[in-house]
A.B. asks: 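There's a structure below that I have some questions on.
In this chain, numbering begins with 1 at the start of the sequence shown. What's counted below: heavy atoms across the whole structure, side chains too, no hydrogens, waters or symmetry copies.
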Amino acid sequence: MKLAYIAPTCALNQVSSLGNIEFCLAPYALKDKKYKQYFIDAKEKGRYVIMDNGVAENDLIDDNKMTDLAIEMKVDELVIPDTIGNYEKTIQQREEFLIKYYYKLKKSNIKLQSVIQGNTYSEYLCDYEQLEQNEFIDVIGIPFRMDYCWANDANSREQNGCFNRVLFVATVANGRKPIHLLGCNCSKEIFLFNEVSRIRSMDSKLMCRYGKAKRIYDSEDTEKPTEKIYINDKLTKAQIKCAVKNIIKLKRRLINGK
């Protein structure tokens with residue numbers, strides 16, 4: 001499984017560059033020239049760049065602007081619009097977007113990723129099955145906010161989201177399209193999904209979030225640091241160094257299990 005490490009603009013060169021792929025948030029690329037240039041340079045160096053629509057950041061941009069930006073930056077893949085937890089609206093957004101922008105994006109050789117949404121297992125599965133059959137979609141995205149059932153009343157939302165996503169991926173293990181996992185609730189997810197051949201990639205702020213807290217992650221952690229990470233955060237050298245240490249530790253563990 002390939003990993004993209006999401007980091008603030010100030011730490012892109014030290015942190016995001018350590019990933020196997022790049023994950024660019026469209027709203028920030030539109031308003032932050034330094035952030036945008038990092039991904040343009042990464043693409044020129046042969047890095048695979050995914051551009052996300054920004055819905056999980058609550059910072060969406062106009063579809064026209066996002067499409068033009070993706071083409072301008074020559075990204076490899078674009079996550080098309082969706083609405084968190086809303087199955088019907090997501091389907092409507094997908095159909096409207098594909099009608100309007102599919103051929104324009106394909107002319108620029110940009111692959112399209114669509115994220116399944118819903119409130120119940122049935123809705124997630126139905127959306128997934130539709131995407132498997134949709135010839136215009138190249139990659140299926142699975143969100144970290146999956147609350148279709150609760151494993152234990154004592155579980156945090158992060159633990160429960162991980163539990164539900166693991167269960168869901170297990171049920172669609174025989175599908176044909178590559179899967180990208182959006183976001184990461186805990187480090188356990190990375191190790192679990194790394195063993196699933198269907199999973200192509202995952203993006204995560206987790207290692208940088210640990211770095212911001214000046215904390216080294218443990219694979220047994222059930223709660224991530226409470227303070228969120230933002231693209232405009234001004235991390236100190238010590239915080240960035242800690243994030244890098246976390247990534248090195250994670251890579252070592254993924255390679256040799258230690």
Side-chain angles (χ1 to χ4, degrees), residues 2 4 6 20-31 35-36 39-40 42-44 46-119 122-146 168-169 172 174-183 198-203:
K2 296 179 179 179
I6 298 176
N20 312 102
I21 56 173
E22 301 283 358
F23 196 80
C24 172
L25 300 170
Y28 295 100
L30 194 64
K31 59 190 176 186
Y35 182 86
K36 176 182 177 181
F39 293 100
I40 292 174
K43 173 63 179 176
E44 289 179 352
R47 304 270 288 167
Y48 191 90
V49 179
I50 301 171
M51 177 176 281
D52 182 62
N53 59 48
V55 65
E57 312 299 316
N58 296 312
D59 193 4
L60 290 170
I61 62 173
D62 177 79
D63 289 351
N64 274 309
K65 290 181 179 179
M66 182 176 69
T67 300
D68 289 343
L69 183 65
I71 293 171
E72 177 196 348
M73 293 176 63
K74 300 179 181 179
V75 302
D76 297 283
E77 183 173 320
L78 177 65
V79 182
I80 69 175
D82 60 291
T83 297
I84 295 172
N86 194 319
Y87 166 74
E88 293 182 353
K89 187 174 181 181
T90 293
I91 291 176
Q92 179 184 348
Q93 287 176 291
R94 180 185 302 143
E95 292 176 349
E96 291 175 353
F97 186 89
L98 291 174
I99 289 170
K100 193 169 183 179
Y101 302 107
Y102 175 77
Y103 291 105
K104 184 177 181 179
L105 288 161
K106 280 302 173 180
K107 283 182 181 179
S108 295
N109 296 314
I110 296 175
K111 293 182 179 180
L112 300 183
Q113 178 185 151
S114 188
V115 183
I116 62 171
Q117 292 294 352
N119 270 317
S122 295
E123 287 183 342
Y124 281 118
L125 185 60
C126 185
D127 201 10
Y128 174 87
E129 290 175 342
Q130 288 183 56
L131 290 179
E132 276 281 11
Q133 301 302 318
N134 191 322
E135 62 181 312
F136 302 112
I137 299 300
D138 303 289
V139 181
I140 300 175
I142 299 183
F144 68 89
R145 292 188 181 101
M146 297 189 84
F168 186 83
V169 169
V172 298
N174 295 319
R176 63 186 180 87
K177 290 186 179 180
I179 288 174
H180 177 82
L181 303 176
L182 292 110
R198 279 289 317 287
I199 306 300
R200 182 203 65 178
S201 52
M202 171 189 271
D203 65 85

A.B. asks: Check for a donor-acceptor pair, side chain of Asp203 on one end and backbone N or O of Ala4 on the other, with a separation under 3.5 Å.
C.D. replies: no
A.B. asks: Take a 6.0 Å sphere around NZ of Lys177 and say whether it holds more than 12 heavy atoms from other residues, nucleotides or ligands.
C.D. replies: yes
A.B. asks: Is Lys104 close to Ile71 at the side-chain level, that is, under 4.5 Å between some pair of heavy atoms?
C.D. replies: yes
A.B. asks: Looking at Lys100 and Asn64, what are the two nearest heavy atoms and their distance?
C.D. replies: NZ-ND2, 3.9 Å
A.B. asks: If we ignore hydrogens and angles and just use 3.5 Å, is the side chain of Arg145 paired with the main-chain N or O of Gly85 as donor and acceptor?
C.D. replies: no
A.B. asks: Can you tell me how far apart CG (Asp52) and CD1 (Ile80) are? Round to the nearest 0.5 Å.
C.D. replies: 11.5 Å
A.B. asks: Does Glu132, at its CD atom, have more than 12 non-hydrogen atoms belonging to other residues, nucleotides or ligands within less than 6.0 Å?
C.D. replies: yes
A.B. asks: May I ask you to test the Arg198-Val169 pair for a side-chain heavy-atom distance under 4.5 Å?
C.D. replies: no
A.B. asks: Is Glu135 salt-bridged to Arg176, cutoff N-O under 4.0 Å?
C.D. replies: no
A.B. asks: For a quick test of reading the model, state the closest non-hydrogen atom pair linking Ala29 to Leu69 and the distance between them.
C.D. replies: CB-CD2, 3.9 Å
A.B. asks: Would you call Arg47-Glu22 a salt bridge at under 4.0 Å N-O?
C.D. replies: yes
A.B. asks: Among side-chain atoms of Gln117 and Tyr124, is any donor-acceptor pair under 3.5 angstrom?
C.D. replies: no
A.B. asks: Output, in order, the C-alpha distance, side-chain angles, deciding distance and verdict of side chain to side chain contact (heavy atoms under 4.5 Å, CB included) for Val115 and Ile142.
C.D. replies: CA-CA 6 Å; Val115 183; Ile142 299 183; over 6 Å; no
A.B. asks: If you measure from the Lys or Arg side-chain nitrogens to the Asp or Glu carboxylate oxygens, is any gap between Asp138 and Arg200 under 4.0 Å?
C.D. replies: no
A.B. asks: Tyr35 versus Cys24: any side-chain heavy-atom pair under 4.5 Å?
C.D. replies: yes
A.B. asks: Any side-chain heavy-atom pair from Tyr87 and Ile116 closer than 4.5 angstrom?
C.D. replies: no
A.B. asks: Should Ile140 and His180 count as side-chain neighbours, where that means a heavy-atom distance under 4.5 Å?
C.D. replies: no
A.B. asks: Rounded to the nearest 0.5 Å, how far apart are OG1 of Thr90 and CD of Glu123?
C.D. replies: 9.5 Å
A.B. asks: Can you measure from CD (Glu129) to OG (Ser122) and round to the nearest 0.5 angstrom?
C.D. replies: 9.5 Å
A.B. asks: With a 4.5 Å limit on heavy-atom distance, are the side chains of Leu98 and Leu112 in contact?
C.D. replies: yes
A.B. asks: Does some side-chain heavy atom of Met51 sit less than 4.5 Å from a side-chain heavy atom of Glu77?
C.D. replies: no
A.B. asks: Looking at Leu131 and Ser114, what are the two nearest heavy atoms and their distance?
C.D. replies: CD1-O, 3.5 Å
A.B. asks: Side chain to side chain contact (heavy atoms under 4.5 Å, CB included) between Phe97 and Asp82: does it pass, once the steps are laid out?
C.D. replies: CA-CA 10 Å; Phe97 186 89; Asp82 60 291; over 6 Å; no
A.B. asks: Counting distance only, does the side-chain N/O of Asp76 pair as donor-acceptor with the main-chain N or O of Val49 below 3.5 Å?
C.D. replies: yes
A.B. asks: Check whether the side chains of Gln92 and Glu96 place a donor and an acceptor atom closer than 3.5 Å, and report yes or no.
C.D. replies: yes
A.B. asks: Kindly give the heavy-atom pair with the smallest separation between Ile61 and Ala26, and that separation in Å.
C.D. replies: CD1-CB, 3.9 Å
A.B. asks: In sequence, state the C-alpha distance, the side-chain angles, and the governing distance for Asp62 and Met66, and then conclude on side chain to side chain contact (heavy atoms under 4.5 Å, CB included).
C.D. replies: CA-CA 6 Å; Asp62 177 79; Met66 182 176 69; over 6 Å; no
A.B. asks: Under 6.0 Å from the six-membered ring centre of Tyr103 and within 45° of its axis: does the NZ or CZ of Lys107 meet both?
C.D. replies: no
A.B. asks: What's the separation between atom CZ in Arg94 and atom CD in Gln130, rounded to the nearest 0.5 Å?
C.D. replies: 6.5 Å
A.B. asks: Going through the checks in order, is the side chain to side chain contact (heavy atoms under 4.5 Å, CB included) test met by Phe168 and Tyr128?
C.D. replies: CA-CA 10 Å; Phe168 186 83; Tyr128 174 87; 3.9 Å; yes
A.B. asks: Regarding Tyr48 and Asn20, is there a side-chain donor-to-acceptor distance under 3.5 Å anywhere?
C.D. replies: no
A.B. asks: State, with a plain yes or no, whether a side-chain heavy atom of Gln113 is found less than 4.5 Å away from one of Ile179.
C.D. replies: no
A.B. asks: So does Glu72 pair up with Lys36, basic N to acidic O under 4.0 Å?
C.D. replies: yes
A.B. asks: First locate atom CG of Leu78, then atom CD1 of Ile50, and finally report the distance between them rounded to the nearest 0.5 Å.
C.D. replies: 10.5 Å
A.B. asks: Can you measure from CD1 (Ile110) to OH (Tyr101) and round to the nearest 0.5 angstrom?
C.D. replies: 13.0 Å
